[in-house]
Amino acid sequence: MVVQNSDISEVFEQIADLMEIKGDNPFKIRAYRNAARTIGGMPHSVADMVTQGEDLSTITGIGKALAQKMEEIVATGTHSLLHKLKEELPADLLLMLKIPTLGPKRVKALHSKLGITTLEELELAARAGKIRTLDGFGVKTEQGIRAELERLQTTEQRLKLVVAEQIATVLTGYLKELPGLSDIEVAGSYRRRKETVGDLDILVARDREAPIMDHFTTYQEVERILMKGETKSSVVLRSGLQVDLRVVPHRSFGAALQYFTGSQTHNIAIRSRAQKMKLKVNEYGVFKGEEQIAGRSEEDVYTALGLPYIEPELRENRGEIEAALDNRLPRLVSLPDIQGELHSHTTYSDGLCSITEMALAAQARGYEYLAITDHSQRLTIAHGLTVPRLRQQLQEIDYLADKMKGIVLLKGIEVDILDDGSLDLPDEILRELDIVIGAVHSKFKLPLSQQTERIIKAMDNPLLHIIAHPSGRLINERAPYDVDMDKIITAARDRGCFLELNAYPDRLDLNDIYCKAAKEMGVKIAISTDAHSLRDLDNIRYGLGQARRGWLEPEDVLNTHNLENLTKLLQR
DNA sequence: GCCGTTTTCGGCCCGACTGTTTTCAGTCG
């Protein structure tokens, strides 16, 4: 069994949860949580690092003790400390922590005073009215627990960014109907362009009195009001999405935006830095003693801390503060940098539009080039192209090339990578194409080494340029297939291949972490929409969000290059 | 358990809201 970084994170998180219930030192617990996050965000396999004898304690936030524990987890898949804790405390207590309003202290009380060990026992106790008898608990808490237990059944999960965006757009439109509000911004992971969003954090600036909280909580989509205060309210919408609204004065808007954009670990790092500078940072500003020295804009906040502005997508405490201090923050790629689209479908396979329609749409977006890359024959369900049909398409592209002004059509294919790593079309025809994208659409369940070998073998074919959606994941629907992405990236570098960042909001594949790893290895990324319709071309912005989270600069991206440079880059 | 622009010991981000209290602990972000 290969122990993944996520396995190590999970063990540390569980240890932290259980130590919290036990009432252990909160800072020790934080060390475990920090470590869990750090490891979860590392592109390199800890298991590999151990095999290669690397010193894990050189990782920031990992000391001798945690390094040793990681080695044990790599060797055994778990840790003896976790076992010991689970002997002391029932594992179901971890599930109870998932219930809002139940934190470690209350879970501990439920266990020690009422002997509750499972969710079922929790429900029975709530029904029997036993919970309200405990110190610190009351009727409302008891009712809340029952409601939440019911809600846990209807599995809630984080929403895809695209879905959250639709909800946020309508809601902020509604909020703006109230006079007296000026700045309004959706902060949180939404603003950091994370692929999924757990809740919406909306921030509003107000200078004069306005019944903003009443306006907010009477929004027609509100199902439940969790809390309603002067400056902070939370509701649950019918969609199940939680929305928090914060109101701050103008002079604090930047500080509040900085704070509510997070991430939490970024904020902790920022505030620790402020402490060392004898300053205090909160959502109202940066303070020297009583005096507010910054807060109107985010830029002011960072400036006051001696830092250049850090883009929201970078704020994950993955080295951005160190980079800011060294003046080596990336100049992140953005929409105007994009010169063309390298992955698109037409009615020749499963696209909805003709070549001409796609070309005009790409031209309207100011692109210099559009690659037509329909599916290959094996993907029968998508009407994949056989050699004769591809030839026919190439003829049409040649014909259109004479008539199309202002957009260059590239001849391409999204060719299936077959089970053995060979490509689904013969080299003779691939040789006629400008761009060849290889994609895995079958045998997702191959063992790690086989899947990895399969993709690397595809790259061994010098006619292949790009690996499409390299992990195969569908967010919230299908896990990535078992593949050693470190090896894939290395293999791409050695062979002069590129990796795709598929911008389709359900994919966003490569993810941010591997984009950063690819950048560090010098492998360029194609940000591609995989458009099956005209509107799909606009999905580029989701890809850009993920690319920016991966620290990508224009030069790290294949399709920021003009056609002349692109042509050179595509010569393997 | 980690870490070092005062430190190898003594710190570790900070504030809002709720429910259960009668001044605050617990939870959350």
Side-chain angles (χ1 to χ4, degrees), chain A residues 12 15-16 19-21 23-38 56-70 81 96-110 131-145 148 187-190 192 197-203 213 217 225-235 242-248 252 255-256 258-287 301 305-306 317 321 325:
Chain A
F12 281 169
I15 289 176
M19 287 202 306
E20 214 166 11
I21 295 170
D24 241 311
N25 176 353
F27 299 106
K28 187 168 158 182
I29 293 163
R30 180 190 293 170
Y32 277 91
R33 294 208 193 281
N34 280 342
R37 254 188 301 258
T38 302
L56 299 176
S57 67
T58 56
I59 302 167
T60 310
I62 306 292
K64 271 211 164 75
L66 285 177
Q68 256 177 23
K69 291 196 168 67
M70 285 160 71
L81 175 59
M96 286 187 212
L97 285 176
K98 305 257 185 250
I99 297 171
T101 74
L102 287 191
K105 299 270 167 54
R106 287 174 154 174
V107 168
K108 185 184 186 181
L110 289 167
I131 290 174
R132 66 181 73 176
T133 64
L134 291 180
D135 278 350
F137 290 78
V139 178
K140 278 207 162 182
T141 309
E142 189 176 79
Q143 286 170 345
I145 290 171
E148 286 299 340
S189 50
Y190 178 95
R192 301 200 310 277
V197 170
D199 60 13
L200 291 178
D201 300 293
I202 303 181
L203 188 63
M213 291 310 184
T217 52
I225 300 170
L226 297 175
M227 64 164 81
K228 185 178 171 189
E230 284 285 298
T231 64
K232 178 180 181 184
S233 294
S234 293
V235 301
Q242 182 175 328
V243 185
D244 302 335
L245 182 73
R246 287 294 297 249
V247 181
V248 294
S252 298
Q258 195 283 324
Y259 173 50
F260 291 109
T261 297
S263 64
Q264 196 185 18
T265 53
H266 175 85
N267 285 349
I268 289 175
I270 285 289
R271 290 178 177 198
S272 299
R273 173 171 173 78
Q275 266 192 335
K276 283 176 196 147
M277 297 170 75
K278 303 263 190 254
L279 299 171
K280 187 177 74 167
V281 178
N282 58 27
E283 56 262 57
Y284 299 106
V286 181
F287 294 87
V301 171
L305 299 175
N317 201 24
I321 293 171
L325 285 168

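The figures here come from the full heavy-atom set of this structure, side chains too, leaving out hydrogens, waters and symmetry mates. Chain A is the first sequence line, chain B the second, and so forth, proteins listed ahead of strands; every chain is numbered from 1.
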**Prompt:** Can you tell if the side chain of A:I21 reaches within under 4.5 Å of the side chain of A:K105, non-hydrogen atoms only?
**Reply:** no

**Prompt:** What pairs meet the salt bridge (charged side-chain N to carboxylate O under 4.0 Å, His left out) rule with one or both residues in residues 132-141 of chain A, with sequence neighbours excluded?
**Reply:** A:R132-A:E142

**Request:** Determine the interatomic distance between P on B:dT20 and the same-named atom on B:dC28; round to the nearest Å.
**Result:** 15 Å

**Distance, P atom - from B:dC14 to B:dT21, rounded to whole angstrom** = 31 Å

**Item:** Start and end of the DNA chain B segment that chain A contacts, any atom under 4.0 Å from a heavy atom
**Value:** B:dG1 to B:dG29

**Prompt:** Within the distance-only criterion (no hydrogens, no angle test), does the side chain of A:R192 pair as donor or acceptor with the backbone N or O of A:T261 below 3.5 angstrom?
**Reply:** yes

**Message:** Donor-acceptor check, side chain of A:N34 to backbone of A:R37, threshold 3.5 angstrom: yes or no?
**Reply:** no

**Request:** Output the distance between atom CG (A:L102) and atom CE (A:M96), rounded to the nearest 0.5 Å.
**Result:** 8.0 Å

**Request:** Both distances under 3.5 Å, Watson-Crick or G-U wobble: report the partner of B:dT8, or none.
**Result:** none

**Prompt:** For A:A65 and A:G103, take the nucleotide of DNA chain B holding the closest heavy atom to each; which residue's nucleotide lies nearer the 5' end?
**Reply:** A:A65

**Prompt:** In residues 261-270 of chain A, which residues come under 4.0 Å of DNA chain B by heavy atom?
**Reply:** A:Q264, A:I268

**Asked** Hey, is NZ on A:K228 packed in by over 12 heavy atoms from elsewhere, all under 6.0 Å?
**Response** yes

